[in-house]
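Let me begin by presenting the structure, written as structure tokens, before commenting on it.
Note: hydrogens, waters and symmetry copies are ignored here, and every other heavy atom, side chains too, is used.
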Amino acid sequence: MTKAVASKASEPMVNGFDTSRIDELPPRTREQVGARERLLGPGYRLFYEDPVEIVRGAGTLLYDAEGNDYLDVYNNVTSVGHCHPYVVEAIHRQLSTLNTNTRYIQQSILSYSEQFLGTMPAELGHVMYTCTGSEANDLAMRVARYYTGGEGIIVTSGAYHGLTSDVSAFSPSLGVGVPLGPHVRTISAPDRLRHGGDENVIDLMRREIREAISDLQRHGFGVAAFIADMIFSSDGIYADPAGFLQPVIDEVHKAGGLFIADEVQPGFGRTGQHWWGFQRHGVVPDIMTTGKPMGNGIPIAAAAFRPELLVEFGRNIRYFNTFGGNSVSIAAAQAVLDVINDEALIDNADKVGTYIQTEIAKLAGGYEQIAEVRGAGLFVGVDIVTDRDSLTPDGEATLRVVNHMRRRRILISASGPRGSVLKVRPPLPFSISDADRMLENLAVVLAEELH
């Protein structure tokens with residue numbers, strides 16, 4: 001357990017364009033990047049050493065201005081595929097009819113909410129809508145603090161939970177420029193590879209959560225919540241070991257805190273077999289949050305709660321969000337839910353994800369620099385290191401692989417310590433043939449970039 005503000009040594013390699021190289025770009029791209037800098041300012045980042053101009057999307061493909069297709073192996077926002085015709089039609093139909101807020105009776109939000117909550121355990125009985133996952137986590141923490149009376153928050157050491165002022169204060173992956181709050185403590189991610197197996201991970205996390213709780217109590221913060229991404233996306237993608245979360249949750253509950261499952265990245269069937277990542281672990285959260293994939297690119301997010309958490313909060317504070325749960329966003333969310341069911345996309349995530357993980361593992365056997373291939377469903381991580389003995393993360397090598405794949409029109413990214421874990425997270429309709437295209441290119445790139 002640490003209180004620490006992230007150190008410079010923990011800063012990841014970044015998959016992004018270095019604006020000092022703008023003069024090396026082709027004329028049209030140079031003009032566009034220059035306009036971005038002038039109009040949007042320096043806070044925005046472009047992917048890849050050589051930025052891509054995207055003008056169109058369809059299914060698992062994106063297209064540039066010259067008509068070249070790029071295989072999207074990264075986008076979970078358009079979870080059911082770019083420009084899915086059923087979703088597009090639902091949005092168009094609703095936008096042509098009505099778009100207003102939740103202070104009017106509308107059957108659509110009631111029908112959707114019943115189906116949405118129906119994907120979860122019965123203990124989660126209320127849902128509140130926001131526009132983004134950051135807002136959903138912000139709201140979840142407001143409720144947790146109000147219900148528990150505590151201020152303290154516990155997260156994993158590489159976590160990302162959002163970009164609002166409050167939520168960024170418990171998102172250590174944002175680095176040294178965004179210090180953690182004094183009420184935040186971190187514990188290790190469930191890295192079986194570096195912690196020596198399942199039992200060691202469970203023992204370590206139990207010990208560290210106890211230390212974090214004790215330290216928060218000693219400093220007068222108490223414990224509001226432990227919040228965790230259910231596949232530890234930014235920590236480096238960890239789907240296992242089975243059962244490791246329950247002891248952590250038990251300690252948090254014993255201290256009077258809540259467990260918040262952040263499903264913004266792993267939710268809506270991405271991990272295969274289940275709708276939600278927490279279901280893989282056999283636990284039930286007090287609050288669950290989700291966002292990105294919910295509306296296939298239309299801004300909508302939500303937090304689901306145990307009803308007892310909202311009794312006093314709802315009576316004394318209430319809640320309203322002008323655009324959260326608006327008619328068009330609910331239509332998009334309903335269409336996404338329909339498509340996931342109708343096209344059996346959770347089964348597809350399980351089948352294709354297992355195939356990808358198996359085939360990458362075969363490739364990995366020939367490279368001393370690939371320490372592990374891990375994940376669940378269509379969320380796979382490839383852990384790249386300097387060598388298997390030291391297990392030192394190699395973000396530079398990973399970044400070379402990412403950018404070489406981009407040059408071969410395969411769009412992928414990275415996460416984890418020093419940005420050293422290839423992040424395979426394509427849209428849910430990703431097919432075996434899509435996987436084969438990705439794998440064929442990956443085989444070439446690994447042979448050239450990992451020596």
Side-chain angles (χ1 to χ4, degrees), residues 2 4 6-16 47-49 73-74 156-160 172-173 175-176 186-201 204-205 208 229 231-241 244 265 353 356-376 379-408 410 412-425 438-439 441-451:
T2 78
S7 69
K8 202 149 199 162
S10 69
E11 289 290 282
M13 300 296 293
V14 175
N15 172 23
F47 278 151
Y48 307 111
E49 289 178 353
V73 193
Y74 183 69
T156 50
S157 57
Y160 172 74
S173 70
V176 295
T186 66
I187 64 172
S188 299
D191 187 343
R192 295 189 296 175
L193 184 65
R194 292 171 178 84
H195 296 316
D198 292 5
E199 288 305 314
N200 285 348
V201 165
L204 176 67
M205 293 190 76
E208 289 190 353
D229 172 335
I231 200 164
F232 301 87
S233 313
S234 299
D235 286 285
I237 306 171
Y238 299 104
D240 299 302
F244 79 94
Q265 293 198 58
I356 289 172
Q357 197 167 336
T358 300
E359 295 302 312
I360 295 179
K362 291 177 185 175
L363 288 176
Y367 295 95
E368 183 66 19
Q369 286 175 263
I370 299 181
E372 188 174 48
V373 181
R374 55 181 178 259
F379 212 137
V380 177
V382 184
D383 196 327
I384 297 179
V385 295
T386 55
D387 61 87
R388 287 182 187 164
D389 290 332
S390 71
L391 296 178
T392 303
D394 193 341
E396 292 184 4
T398 307
L399 200 57
R400 291 199 305 271
V401 171
V402 167
N403 281 291
H404 195 157
M405 291 288 278
R406 173 261 175 269
R407 292 194 294 275
R408 299 180 70 88
I410 309 293
I412 197 168
S413 195
S415 73
R418 299 290 299 160
S420 61
V421 179
L422 285 179
K423 191 174 187 178
V424 177
R425 191 193 57 180
M438 185 268 289
L439 291 162
N441 282 276
L442 183 62
V444 173
V445 170
L446 293 178
E448 295 186 14
E449 297 297 346
L450 299 188
H451 308 296

Contacts of Asn441 that satisfy side chain to side chain donor-acceptor pair (under 3.5 Å) - sequence neighbours left out
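Counting only residues at least two positions away or on another chain, Asn441 forms a side chain to side chain donor-acceptor pair (under 3.5 Å) with Arg408.
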Going by heavy atoms in the side chains, are [X] and [Y] under 4.5 Å from each other?
| X | Y | result |
| --- | --- | --- |
| Ser157 | Asp235 | yes |
| Leu422 | Val402 | yes |
| Leu363 | Glu359 | no |
| Tyr48 | Asn15 | yes |
| Arg192 | Asp198 | yes |
| Met438 | Met405 | yes |
| Arg425 | Ile237 | no |
| Arg374 | Val421 | yes |

Could you tell me which non-hydrogen atom of [X] sits nearest to which non-hydrogen atom of [Y], and how far apart they are?
| X | Y | value |
| --- | --- | --- |
| Ala376 | Gln357 | N-OE1, 4.2 Å |
| Met205 | Ser188 | CE-O, 3.5 Å |
| Pro172 | Thr156 | CG-O, 3.4 Å |
| Ser234 | Gly158 | CB-O, 3.1 Å |
| Pro241 | Pro190 | CD-CB, 4.2 Å |
| Asp394 | Val385 | CB-C, 3.6 Å |

Would a distance-only check, ignoring hydrogens and angles, find a side-chain to backbone donor-acceptor pair under 3.5 Å from Ser173 to Ala159?
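Checking the backbone N and O of Ala159 against the side chain of Ser173, a donor-acceptor pair under 3.5 Å is found.
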Got a donor-acceptor contact below 3.5 angstrom from the Tyr367 side chain to the Ala447 backbone?
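Looks like yes, one N/O pair under 3.5 Å.
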Describe, in one word, how the ring planes of Phe232 and Phe244 are oriented to each other, choosing from parallel (under 30°), tilted (30 to 60°) and perpendicular (over 60°).
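Tilted.
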If you apply the rule side chain to side chain donor-acceptor pair (under 3.5 Å), what do you find for Asp191 with Tyr238, and how did you get there?
CA-CA 7 Å; Asp191 187 343; Tyr238 299 104; 3.1 Å; yes
Tell me whether Glu396 at atom CD has more than 12 heavy atoms from other residues, nucleotides or ligands lying less than 6.0 Å away.
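No, because the 6.0 Å sphere around CD of Glu396 holds 12 heavy atoms or fewer from other groups.
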Hey, what do you get for [atom1] ([X]) to [atom2] ([Y]), rounding to the nearest 0.5 Å?
| X | Y | atom1 | atom2 | result |
| --- | --- | --- | --- | --- |
| Ser413 | Arg406 | OG | CZ | 13.5 Å |
| Leu442 | Leu446 | CG | CG | 4.0 Å |
| Thr386 | Gln369 | OG1 | CD | 7.5 Å |
| Glu372 | Arg388 | CD | CZ | 10.5 Å |
| Leu204 | His195 | CG | NE2 | 5.0 Å |
| Asp383 | Thr398 | CG | OG1 | 8.0 Å |

